[in-house]
Structure formats: C-alpha cells, structure tokens
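Here is the structure we will look at.
Small disclaimer: the values here were computed from a predicted structure and weren't measured.
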Amino acid sequence: MSSVTSELVAMEATRFQHTPYYCEENVYLLCKMLCENGVADSTGSDLFVVFISNEKKQVPLWHQKASRRADGIVLWDYHVICVQRKKESDSQPLVWDLDSTLPFPSPLTSYVTETIQPSFQLYAEYQRFFRVVHAPLFFKHFASDRRHMKEPDGSWTAQPPPYEPIVAQDGILHNLSEYIAMSGADTLSNLDPETVRTAISQKLGVVVSHTQLQDLFTKLP
C-alpha cells in the first residue's frame, strides 16, 4: 500500500465540516479541505462532485448514517458525494461520502456495489442518475442561499451551517436546482472520449446512469 493510500484510509470523517441535510455544502468544503491538506491536487483537478437524483426526487441509497434500518437505506431527494481520481495512479477512484457508514473513503467499485446496489431491482421512477461535475468548475460556479431548506413561513426545515452561504464567483446566489435536475433524457448516449471531454468541461458536467458511472471515470481526460 502506498503512503498516499495509507493516508487516505487513515482519515476520519469527523475531521471535515458536516451539517446534516446540507450535503452539497459539506462536499464543497470537503473538496476544498482535500485540496488544502495535499490529499488532492491543489486546484482540485483530481476531484469530481457527484450529484445523485432523478425526476421523482426519490433516490434509494444504502449504508447511510441517517437511516434507522439495519441495511442503512434512505430515500433521499438528492445526495452529493466526492469522487477522487488520480491520473498518475493505477489505483481505482475513491468515494468520499460523509453520510455513509462505509469506510472513508471507499473504492468506487465497492461503494457502487454497497450503496447503489445495482443488482437490486427498482421501479423505473426510482432509478438513480449521476451528475458528475469537475471540482474546479464547481468551486467557480456553485451557489446556494439555502432557500430550499426553508418553509413557506421562513423557518428552517433543518438547522443551517454556521458559516455564510456559498456564493458563485460571478455573484450568483443560488443555482442548486440546476445541479439536481436530471433525468434519463439527460444521460450521455455514449462515453466516447471526445464526448466525455466536452461534457465534463461544462459548468454542469455530465449526467450518466448507474450502469455508466464506473466506466465514465475510466474515460475522463
């Protein structure tokens, strides 16, 4: 095991900022910290933010800390994780999920098997889609004023983080809805390198199905 891998395996999720039900902000700060402490490239070039959702906004994921069931299943409206893929390494991509009970981080293959459980037969409306966004673009464009966590009377559905909301570099205050909007019609028809290269260079990245997810990380530039 390389020294880098040893460092990754030894890391504790408690070292990272975590506010329940604000996974998009948790992952934003997680990626920033991985860049700052040298675990990731300083620009985040080896990091990808992955939004998981669907048209119904009901996505089943297993091994989640918020679950009250033995199998850890939760039906999220959306979830956000970080996937790290080091270009110079032969090791497989790693998943950083602060809400998971799996090892932190986990190899992508085992994370998909345990958390996505692709062999589990789901009704079509519960199929999961994955929007993969390159971290440098996410740092630049993402914004959330947390409006989605407020009731009509202005009260919070869940206590917000203690820090100020994330504002995009161009001053946009909220665009979370753009990231979590996805359906089967948005997925790439094929994963040829040029198509993937073009898609991942866009602000909102690329949307793939669960059957394409692992293959995508072998095609990224």
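Side-chain N/O atoms of Y21 and Q159 include no donor and acceptor closer than 3.5 Å.
The OG1 atom of T19 sits 10.0 Å away from the CE atom of M149 when rounded to the nearest 0.5 Å. In this structure, OG1 on T211 lies 11.0 Å from CG on L216, to the nearest 0.5 angstrom. We find the OG-CG distance between S110 and L94 to be 9.0 Å, quoted to the nearest 0.5 Å. For the atom pair I166 CD1 and I172 CD1, the distance stands at 14.5 Å (nearest 0.5 Å). In this structure, the separation between NE2 on H141 and CD on Q169 is 8.0 Å, given to the nearest 0.5 Å. Rounding to the nearest 0.5 Å gives a distance of 11.5 Å between CZ of R69 and NE2 of H63.
Between the side chain of D215 and the backbone N or O of Q212 there is no donor-acceptor pair closer than 3.5 Å. Without hydrogens or angle criteria, D99 side chain to Q64 main chain gives no donor-acceptor distance under 3.5 Å. In this structure a side-chain-to-backbone donor-acceptor pair under 3.5 Å is present from S106 to P103. Formation of a donor-acceptor pair under 3.5 Å by the N54 side chain with backbone atoms of K57 is found in this model. In this structure a side-chain-to-backbone donor-acceptor pair under 3.5 Å is present from R131 to Y179. The main-chain N or O of E114 is found under 3.5 Å from a side-chain atom of Q117 such that the two form a donor-acceptor pair. Side chain of T198 to backbone of T195: no donor-acceptor contact under 3.5 angstrom is found. Remark: the backbone N or O of S144 is not paired with any side-chain donor or acceptor of H174 at under 3.5 angstrom. Side-chain atoms of Q84 come within 3.5 Å of backbone atoms of V39 as a donor-acceptor pair (strictly under, hydrogens ignored).
Between S155 and D153, the shortest heavy-atom contact is OG-OD1, 2.7 Å. When all heavy atoms of H134 and S45 are compared, the pair lying nearest together is NE2-O, 2.8 Å. Nearest heavy-atom pair, A158 versus P20, reported as atom, atom and distance to 0.1 Å: CB-O, 4.4 Å. A pairwise comparison of heavy atoms in R128 and I116 identifies NH2-O, 2.8 Å as the closest pair. For T187 against V208, the heavy-atom pair with the smallest separation is CG2-C, 3.8 Å. A66 approaches V74 most closely through the heavy-atom pair C-CG2, 4.0 Å.
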Between V132 and F217, is a side-chain contact (heavy atoms from CB on, under 4.5 Å) present by the stated rule, with each step listed?
-> CA-CA 10 Å; V132 181; F217 281 94; 4.0 Å; yes
Verdict with reasoning, H210 to L213, per side-chain contact (heavy atoms from CB on, under 4.5 Å) = CA-CA 5 Å; H210 75 269; L213 182 63; 5.6 Å; no
Evaluate the side chain to side chain donor-acceptor pair (under 3.5 Å) criterion for residues E25 and Y163: first the C-alpha distance (whole Å), next the side-chain angles of each, then the deciding distance (0.1 Å), finally the verdict.
-> CA-CA 10 Å; E25 295 191 42; Y163 52 83; 3.0 Å; yes
Apply side-chain contact (heavy atoms from CB on, under 4.5 Å) to the pair R85 and Q92, showing each step before the final yes or no.
-> CA-CA 7 Å; R85 191 210 63 164; Q92 68 167 295; over 6 Å; no
Give the C-alpha distance, both sets of side-chain angles, the deciding distance and a yes or no for side-chain contact (heavy atoms from CB on, under 4.5 Å) between D97 and L102.
-> CA-CA 8 Å; D97 182 357; L102 297 176; over 6 Å; no
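One finds a salt bridge joining D46 and K86 here, because a Lys/Arg side-chain nitrogen approaches an Asp/Glu carboxylate oxygen to under 4.0 Å. For R197 and E194, the salt-bridge test passes: some basic side-chain N is under 4.0 Å from an acidic carboxylate O.
A heavy-atom distance below 4.5 Å is found between the side chains of L176 and H148. Between P160 and Y22 there is a side-chain heavy-atom pair separated by less than 4.5 Å. Side-chain atoms of L47 and C35, non-hydrogen and from C-beta on, do get closer than 4.5 Å to each other. Contact check for S53 versus D77: no side-chain heavy atoms found under the 4.5 Å cut-off. A heavy-atom distance below 4.5 Å is found between the side chains of N175 and F142. Side-chain atoms of P162 and Q17, non-hydrogen and from C-beta on, do get closer than 4.5 Å to each other. Looking only at side-chain heavy atoms (C-beta outward), V133 and L204 stay at 4.5 Å or farther from each other.
There is no path of hydrophobic side-chain contacts, each under 4.5 Å, that joins F129 to V59. Linking Ile, Leu, Val, Met, Phe, Trp and Tyr whenever their side-chain heavy atoms come within less than 4.5 Å leaves W96 and I52 in two separate clusters. Transitive grouping of hydrophobic side chains (ILVMFWY, heavy atoms separated by less than 4.5 Å) keeps L98 and V80 in distinct clusters. Hydrophobic clustering (ILVMFWY, side-chain heavy atoms < 4.5 Å, transitive): V50 and L188 are in one cluster. Residues L137 and L30 do not share a hydrophobic cluster, defined by chaining ILVMFWY side chains whose heavy atoms lie under 4.5 Å apart.
Around CZ of F16, the count of heavy atoms belonging to other residues, nucleotides or ligands within 6.0 Å exceeds 12. Counting heavy atoms of neighbouring residues, nucleotides and ligands inside a 6.0 Å radius, atom CD of E151 exceeds 12 of them. Atom OH of Y123 sits in a sparse spot, with 12 or fewer heavy atoms from other residues, nucleotides or ligands closer than 6.0 Å. The neighbour count for K65 NZ, taken as heavy atoms of other residues, nucleotides or ligands under 6.0 Å away, is above 12.
Ring orientation note: the planes of H79 and W76 are close to parallel, at an angle under 30° on the 30°/60° scale.
Here F48 and F138 keep their ring centres 6.0 angstrom or further from each other. Annotation: Y78 is not in aromatic contact with F51 [ring centroid separation under 6.0 Å not met].
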